[in-house]
Amino acid sequence: MVARGTGVWYSTIMILKVARLGHPVLRLKAKPVDPDKIRTPGFQTLLRDMVETMREHDGVGIAAPQVHVSLQAAAIQVERNPRYPKAPKIPLVILINPKVRPAGRGKSLDWEGCLSVEGLRGRVPRWKRVEVQAYNAKGEPVSFKAAGFFARVIQHECDHLQGKVFLDRMTDFSTLAHLKEFSRYWT
Ligand code: NI
């Protein structure tokens with residue numbers, strides 16, 4: 001939020017509350033964002049607060065429904081992250097109204113967690129390579145290909161925009177693990 005005080009402009013960063021599994025907002029199909037609204041201060045504030053909330057919780061991605069906003073927007077960023085110590089770095093990416101298609105037929109199985117599914121990890125099959133079309137934070141259309149962990153995070157976040165969580169994509173629940181047991185037996 002940008003507020004005007006005594007002649008001085010200042011901005012505040014909000015750490016938003018994360019919706020947890022069971023909250024209906026996580027199961028809604030999020031609405032597309034009007035591209036003309038992307039550059040408005042209100043929407044830019046939402047994006048910035050989503051990014052700060054993701055960083056606060058050591059997430060590698062966050063989708064707007066996870067902060068109780070049912071709009072098609074997501075942020076992805078991987079820096080040094082205690083929740084994903086082996087993950088390759090990914091610079092900050094904002095995806096608005098993303099369309100994701102598999103690029104090739106290969107899938108890979110790897111671990112995922114979710115800020116909305118606190119304390120659990122499970123192995124999830126995902127397309128190895130994807131093609132993405134979206135708007136960026138400036139409201140410009142972008143398209144790119146992604147592979148590996150980046151492709152996985154994109155699929156995870158874009159699933160949130162369709163009302164899905166990683167548990168819905170698991171084909172074998174025998175790997176579902178609490179974090180402590182995950183660290184003890186699976187790493
Ligand atoms: Ni998630």
Side-chain angles (χ1 to χ4, degrees), residues 14-33 46-100 102 107-128 130 132 134 137 146-173 175-180 182-183 186-187:
M14 303 273 286
I15 305 295
L16 305 171
K17 187 177 180 197
V18 175
R20 304 207 311 164
L21 193 64
H23 195 295
V25 72
L26 293 174
R27 293 312 197 170
L28 296 176
K29 286 198 174 194
K31 291 202 174 76
V33 178
L46 170 65
L47 292 177
R48 195 189 56 190
D49 291 347
M50 282 171 55
V51 170
E52 290 304 323
T53 304
M54 169 180 73
R55 291 173 178 159
E56 172 72 14
H57 296 287
D58 294 320
V60 292
I62 196 165
Q66 291 185 275
V67 293
H68 307 83
V69 177
S70 193
L71 287 173
Q72 293 181 21
I76 294 170
Q77 184 179 38
V78 185
E79 291 183 329
R80 187 175 300 165
N81 191 313
R83 288 177 72 238
Y84 296 90
K86 292 176 190 162
K89 286 188 179 178
I90 302 170
L92 179 64
V93 182
I94 301 290
L95 299 176
I96 298 161
N97 301 348
K99 302 261 184 294
V100 180
K107 286 195 171 183
S108 69
L109 196 59
D110 210 346
W111 295 95
E112 293 185 21
C114 180
L115 298 180
S116 299
V117 187
E118 206 176 19
L120 287 176
R121 290 287 169 89
R123 290 180 83 185
V124 186
R126 298 285 187 186
W127 299 110
K128 284 183 184 170
V130 292
V132 183
F149 187 70
F150 187 26
R152 174 170 297 277
V153 180
I154 289 169
Q155 290 168 83
H156 177 118
E157 299 312 328
C158 292
D159 266 1
H160 277 302
L161 308 180
Q162 301 299 318
K164 292 198 177 301
V165 297
F166 77 87
L167 301 167
D168 304 327
R169 300 294 190 193
M170 288 181 70
T171 49
D172 177 2
F173 285 109
T175 61
L176 198 60
H178 288 283
L179 271 182
K180 188 175 162 194
F182 169 77
S183 334
W186 295 92
T187 56

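The figures that follow rest on heavy atoms only: side chains count, while hydrogens, waters and symmetry mates do not. Counting convention: from 1, in listed order, for ligands and their atoms alike.
Interatomic distance, CZ of Phe149 versus NZ of Lys89, reported as 14.0 Å (0.5 Å rounding).
Within a 6.0 Å sphere centred on NE2 of His178, heavy atoms belonging to other residues, nucleotides or ligands number 12 at most.
Distances shorter than 2.8 Å separate the Ni ion (ligand 1) from the protein N/O/S atoms Cys114 SG, His156 NE2, His160 NE2.
Residues Ser70 and Lys29 come closest through the heavy atom pair OG-O, 3.9 Å.
Each of Arg169, Lys164, Met170 was evaluated against Phe166; a single residue qualifies, Met170, per the side-chain contact (heavy atoms from CB on, under 4.5 Å) test. Partner of Cys114 under the side-chain contact (heavy atoms from CB on, under 4.5 Å) criterion, chosen from Arg121, His156, Glu157: His156.
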Which side-chain N or O atoms in residues 18-26 pair as donor and acceptor under 3.5 Å with protein atoms at least two apart or in another chain?
| from | atom 1 | to | atom 2 | distance (Å) |
| --- | --- | --- | --- | --- |
| Arg20 | NH1 | Glu118 | OE1 | 2.5 |
| His23 | ND1 | Val25 | N | 3.1 |

